[in-house]
Q: 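First, the structure itself, so that you have it in front of you.
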Amino acid sequence: METSTQSQPRAAELLDSVGPAFSRLRRTAALSVEKQVSRKDMTRTLVLNVVQDGPEHEGQEITVGVVGERLAVDPSVASRMVSDCISAGYLIRAASQRDGRRTILQLTEEGYEMLARLRAHQRAAFERITRDWPTEERLEFARLLIKYVDSIGELQSEALKG
């Protein structure tokens, strides 16, 4: 039987391992489990997901600046990323309905299709990686990962308000 003094160091060790695990996850995210996803497509889907996620607060519109902020990249990098998505046919620029001088970004049908393909690929990768896990563990991990990401979003929203 494990005592609380034994479990505390193990808990600390486990929690200290989270950061390095996230680093490894980030480094391997672009790697394919079965079918390779190009770096260009991975970068494009980052932009497309920002546009699809839409405004984070009332009055916000999705612009190149918002893409840059959410991806934590310089405005010039965001501009090049958005231009690439436009050239590929995944995004269009449109006039803002709030301020006609501003340009907003919108997904095209091809953009929605690209996101659907990537999501199918991501699900297949998740299922392949966790194929030996019991169903309950697989679903619990998925639920907790989504909860974790949602909590990050809540913290970011609080930081913007505060």
Side-chain angles (χ1 to χ4, degrees), residues 7-8 10-82 84-86 88 90-91 104-162:
S7 65
Q8 286 179 353
R10 287 185 185 156
E13 185 179 314
L14 181 62
L15 293 173
D16 286 344
S17 299
V18 171
F22 275 126
S23 293
R24 286 192 314 276
L25 179 64
R26 173 66 183 105
R27 287 192 309 267
T28 60
L31 298 178
S32 175
V33 174
E34 292 182 8
K35 188 170 71 172
Q36 185 70 24
V37 174
S38 73
R39 289 179 188 255
K40 184 171 269 207
D41 283 345
M42 290 297 291
T43 300
R44 287 173 174 167
T45 56
L46 292 173
V47 174
L48 300 179
N49 278 316
V50 168
V51 176
Q52 186 177 47
D53 287 348
E56 290 179 336
H57 55 79
E58 183 67 33
Q60 184 182 49
E61 295 176 306
I62 306 302
T63 63
V64 173
V66 168
V67 170
E69 287 172 17
R70 290 195 193 165
L71 296 180
V73 298
D74 290 330
S76 63
V77 173
S79 181
R80 285 192 300 275
M81 292 169 78
V82 166
D84 176 62
C85 287
I86 291 169
Y90 300 138
L91 290 177
I104 62 169
L105 303 170
Q106 297 176 337
L107 284 166
T108 63
E109 189 61 37
E110 292 84 3
Y112 283 109
E113 290 169 5
M114 169 65 149
L115 285 174
R117 284 192 305 274
L118 181 72
R119 291 206 172 101
H121 175 80
Q122 290 169 323
R123 180 175 176 157
F126 180 82
E127 289 175 347
R128 171 76 197 256
I129 293 164
T130 62
R131 72 179 178 258
D132 295 332
W133 296 17
T135 301
E136 301 79 33
E137 284 185 11
R138 178 189 279 187
L139 295 175
E140 182 67 0
F141 178 72
R143 186 188 69 76
L144 290 172
L145 181 60
I146 293 165
K147 181 179 180 179
Y148 181 85
V149 171
D150 288 347
S151 294
I152 292 171
E154 290 170 14
L155 283 174
Q156 290 173 329
S157 293
E158 289 172 16
L160 289 173
K161 292 176 187 174

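Because the structure is predicted, anything quoted here is derived from the model rather than measured. These numbers come from the heavy atoms of this one structure, side chains and all, not from hydrogens, waters or symmetry mates.
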Q: Answer yes or no: is there a side-chain heavy-atom contact under 4.5 Å between Thr63 and Leu105?
A: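 Heavy-atom side-chain distance check fails, nothing below 4.5 Å.
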Q: What donor-acceptor contacts under 3.5 angstrom involve side-chain atoms of residues 144-154, with partners at least two apart or in another chain?
A:
residue: Ser151; atom: OG; partner: Lys147; partner atom: O; Å: 3.0

Q: Using modelled atom types only, decide if a donor and an acceptor are shared between the side chain of Thr130 and the backbone of Trp133 within a distance under 3.5 Å.
A: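 Checking the backbone N and O of Trp133 against the side chain of Thr130, no donor-acceptor pair under 3.5 Å is found.
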Q: Check whether any side-chain heavy atom of Val47 lies under 4.5 Å from a side-chain heavy atom of Gln52, and answer yes or no.
A: no
Q: Is any side-chain heavy atom of Val64 less than 4.5 Å from a side-chain heavy atom of Pro75?
A: no
Q: I need the minimum non-hydrogen distance between Ala78 and Gly68, along with the two atoms involved.
A: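 So the minimum-distance heavy-atom pair works out to CB-CA, 3.6 Å.
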Q: side-chain hydrogen bond (donor to acceptor under 3.5 Å, both in side chains) with Glu110: which residues, sequence neighbours excluded?
A: Thr108
Q: Quick one: closest heavy-atom pair of Leu115 and Thr45, and the distance?
A: CD2-O, 4.3 Å
Q: Run the side-chain hydrogen bond (donor to acceptor under 3.5 Å, both in side chains) test against Glu137 and tell me which residues pass, sequence neighbours left out.
A: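 Not a single residue meets the side-chain hydrogen bond (donor to acceptor under 3.5 Å, both in side chains) criterion with Glu137.
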Q: Whether the Asn49 and Arg44 side chains hold a donor-acceptor pair (N or O, under 3.5 Å, no angle test) is what I'd like checked.
A: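 Distance-only check fails for Asn49 and Arg44.
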Q: Could you grab the distance from atom CZ of Arg123 to atom CG of Leu118, nearest 0.5 Å is fine?
A: 14.0 Å
Q: Roughly how far, to the nearest 0.5 Å, is CD1 of Ile62 from CD of Gln106?
A: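 Result: 11.0 Å between the selected atoms.
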Q: Restricting to side-chain contact (heavy atoms from CB on, under 4.5 Å), what partner residues turn up for Thr135, sequence neighbours left out?
A: Leu139
Q: How long is the straight-line distance from CZ of Arg138 back to CZ of Phe126, given to the nearest 0.5 Å?
A: 6.5 Å
Q: Nearest 0.5 angstrom please: Glu69 CD to Glu56 CD, how far?
A: 8.5 Å
Q: Counting only N and O atoms by type, is there a donor-acceptor contact under 3.5 Å from the side chain of Ser38 to the main-chain atoms of Asp41?
A: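 Between the backbone of Asp41 and the side chain of Ser38 there is a qualifying donor-acceptor contact (under 3.5 Å).
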Q: State plainly whether the residues Arg131 and Glu127 are in salt-bridge range, i.e. N to O under 4.0 Å.
A: no
Q: Indicate the atoms forming the closest heavy-atom contact of Cys85 with Leu48, along with that distance.
A: SG-CD2, 4.2 Å
Q: Once ring-ring contact (aromatic ring centres under 6.0 Å, His included) is applied, do any residues pair with Tyr112, and if so which ones, sequence neighbours excluded?
A: none
Q: May I have the list of side-chain donor-acceptor pairs in residues 12-21 shorter than 3.5 Å, sequence neighbours left out?
A:
residue: Ser17; atom: OG; partner: Glu13; partner atom: O; Å: 2.8

Q: Answer yes or no: is there a side-chain heavy-atom contact under 4.5 Å between Met81 and Thr43?
A: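 In short, these two side chains touch, coming nearer than 4.5 Å.
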Q: Quick one, Val66 and Gln60 - any side-chain contact, counting heavy atoms below 4.5 Å?
A: yes
